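To keep things clear, I will list the structure first and then write my remarks on it.
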Number of protein chains: 2
Amino acid sequence: MSASPPGAREAALPALAEVFREHGYAGASLALLGARAGLGKGSLYHAFPGGKEEMAQAVLDAIGAWFAAEIYAPLRDDPDPRAAIRRMLVETGAYFRSGRRVCLVGALALSDERDRFATRIAGYFAEWRDALADALGRAGRAQAADLAEDAVLAIQGGLVLARALDDADVFARLLDRLERRLCDPP
Amino acid sequence: MSASPPGAREAALPALAEVFREHGYAGASLALLGARAGLGKGSLYHAFPGGKEEMAQAVLDAIGAWFAAEIYAPLRDDPDPRAAIRRMLVETGAYFRSGRRVCLVGALALSDERDRFATRIAGYFAEWRDALADALGRAGRAQAADLAEDAVLAIQGGLVLARALDDADVFARLLDRLERRLCDPP
DNA sequence: GTCTATACAGCGATAGAC
DNA sequence: GTCTATCGCTGTATAGAC
């Protein structure tokens with residue numbers, strides 16, 4: 001029981017997320033997670049009784065909720081689908097710090113922890129792809145599903161290549177190309 | 001000194017590579033590496049005095065050599081550049097087991113071990129991109145550099161998405177789209 | 001609730017028998 | 001050359017003081 005500051009758990013999530021992004025699931029030690037969140041191990045386990053796995057699941061939920069609200073919902077609901085797609089590209093560039101920040105979901109998908117988080121990983125990408133396909137369809141594009149799959153995958157590849165070459169311009173150029181490919185009249 | 005079978009080191013590389021692919025650098029324990037290679041720790045350290053890092057560097061060298069011979073060289077030298085690009089797509093599909101196999105270089109790029117292997121990681125992708133741009137240029141395509149960057153990054157993204165959705169068809173569809181985008185007349 | 005202390009397992013690496 | 005035994009360390013997780 002007990003009345004910890006009601007949002008102690010939520011308050012820690014951004015710090016935890018950043019540690020997972022920077023070090024991966026295996027490399028994110030409880031010492032690092034606690035230090036960055038400003039909590040001792042006791043407090044961490046009080047907020048997340050399931051330990052590291054529960055922390056990661058909560059982080060993935062928070063990431064999914066952010067994308068759902070800021071990106072997927074506009075793609076589905078904005079009466080101007082092209083504007084929603086442009087918004088998606090701008091928000092994506094900002095969220096990933098122009099390619100300097102790793103996508104935790106993509107990194108987990110490649111790791112051997114994939115199975116543990118399979119549902120959330122698959123949901124994140126399926127939702128993104130389907131919301132984008134919806135917007136492209138409403139914008140009158142043919143083969144909206146293929147185009148959406150291609151764009152979602154390119155964003156992940158852009159993050160890989162930008163980090164591999166240590167060159168954030170790679171990601172910026174990709175977003176430019178995507179804007180033309182997705183928003184220019186067919 | 002001593003005359004270990006001259007290729008003991010080389011013979012172990014494919015097994016070591018597979019363990020690194022499946023478990024990542026951090027997750028590839030010496031126990032796993034030795035078991036899969038059929039060697040005890042003593043033999044492993046005899047072949048790779050630098051330990052796990054030397055094993056990974058040797059694996060990356062072998063991967064780079066394979067791609068250089070099978071993919072980059074034809075892209076640069078084949079008198080029919082479109083045929084070389086088609087060959088690249090076929091070989092890539094086979095190498096990554098139609099998307100069921102992870103790209104070790106891409107996974108390392110996302111991990112926090114990136115810096116340790118930065119030179120080989122960057123070289124792998126830069127060579128691929130430049131060789132493909134060369135072939136596209138010889139095929140008479142405009143904006144060959146952009147097109148090449150986009151294709152190399154899409155392959156990495158395709159591997160991420162195929163694994164995230166646990167759906168190898170994602171990767172197969174991507175290779176089909178790339179063939180049209182790269183080989184069809186402009 | 002938050003801390004420190006600790007249990008216990010697994011890691012990379014090394015030493016030394018054979 | 002290859003093995004087993006072991007070192008020193010770090011990991012997650014838990015117990016218990018406060």
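Being a predicted model, the structure only gives us computed values, none of them experimental.
- Residues forming a side-chain hydrogen bond (donor to acceptor under 3.5 Å, both in side chains) with A:D61 (at least two apart in sequence, or on another chain): A:R120.
- Spacing between atom CD of A:E54 and atom P of D:dT12 amounts to 15 Å, rounded to whole angstrom units.
- Spacing between atom CG of B:L44 and atom P of D:dT4 amounts to 13 Å, rounded to whole angstrom units.
- Taking the side chain to side chain contact (heavy atoms under 4.5 Å, CB included) definition, one finds that A:A151 meets it with A:L132, A:L178, A:L182, sequence neighbours left out.
- A heavy-atom distance below 4.0 Å to DNA chain C is reached by these residues of residues 18-31 of chain B, ordered by number: B:A28, B:S29, B:L30.
- A residue-by-residue look at B:L39 and A:P49 shows that B:L39 has its nearest nucleotide of DNA chain D further toward the 5' end.
- Residue A:E53 places its CD atom among more than 12 non-hydrogen atoms of other residues, nucleotides or ligands, all under 6.0 Å distant.
- Atom CE in B:M55 sits roughly 13 Å away from atom C1' in C:dC11 (whole-Å rounding).
- The ring pair (Phe, Tyr, Trp, His ring centres under 6.0 Å) search around B:F171 returns none, not counting sequence neighbours.
- Put simply, OH on A:Y45 is 13 Å from C1' on C:dA7, counting in whole angstrom units.
- Listed by first then second residue, pairs satisfying ring-ring contact (aromatic ring centres under 6.0 Å, His included) with a partner in residues 87-107 of chain A read A:W66-A:Y95, A:F67-A:Y95, not counting sequence neighbours.
- Using a 4.0 Å heavy-atom distance criterion, A:K41 is classed as a base contact.
- Residue contacts shown for A:G40 are limited to sugar-phosphate atoms, with no base heavy atom under 4.0 Å away.
- Note: CG (B:L32) to C1' (C:dG12) measures 13 Å, nearest angstrom.
- With C:dT2, D:dC3, D:dA13 as the choices, the nucleotide that has an atom nearest any side-chain atom of A:K52 turns out to be D:dA13.
- Rounded to an integer number of Å, the gap from B:R116 CZ to C:dG12 P is 11 Å.
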Using atom types as modelled, flag every donor-acceptor pair under 3.5 Å from a side chain in residues 26-43 of chain A to any protein atom, sequence neighbours excluded.
from	atom 1	to	atom 2	distance (Å)
A:S29	OG	A:L32	N	3.2
A:R36	NH2	A:E22	OE1	2.7

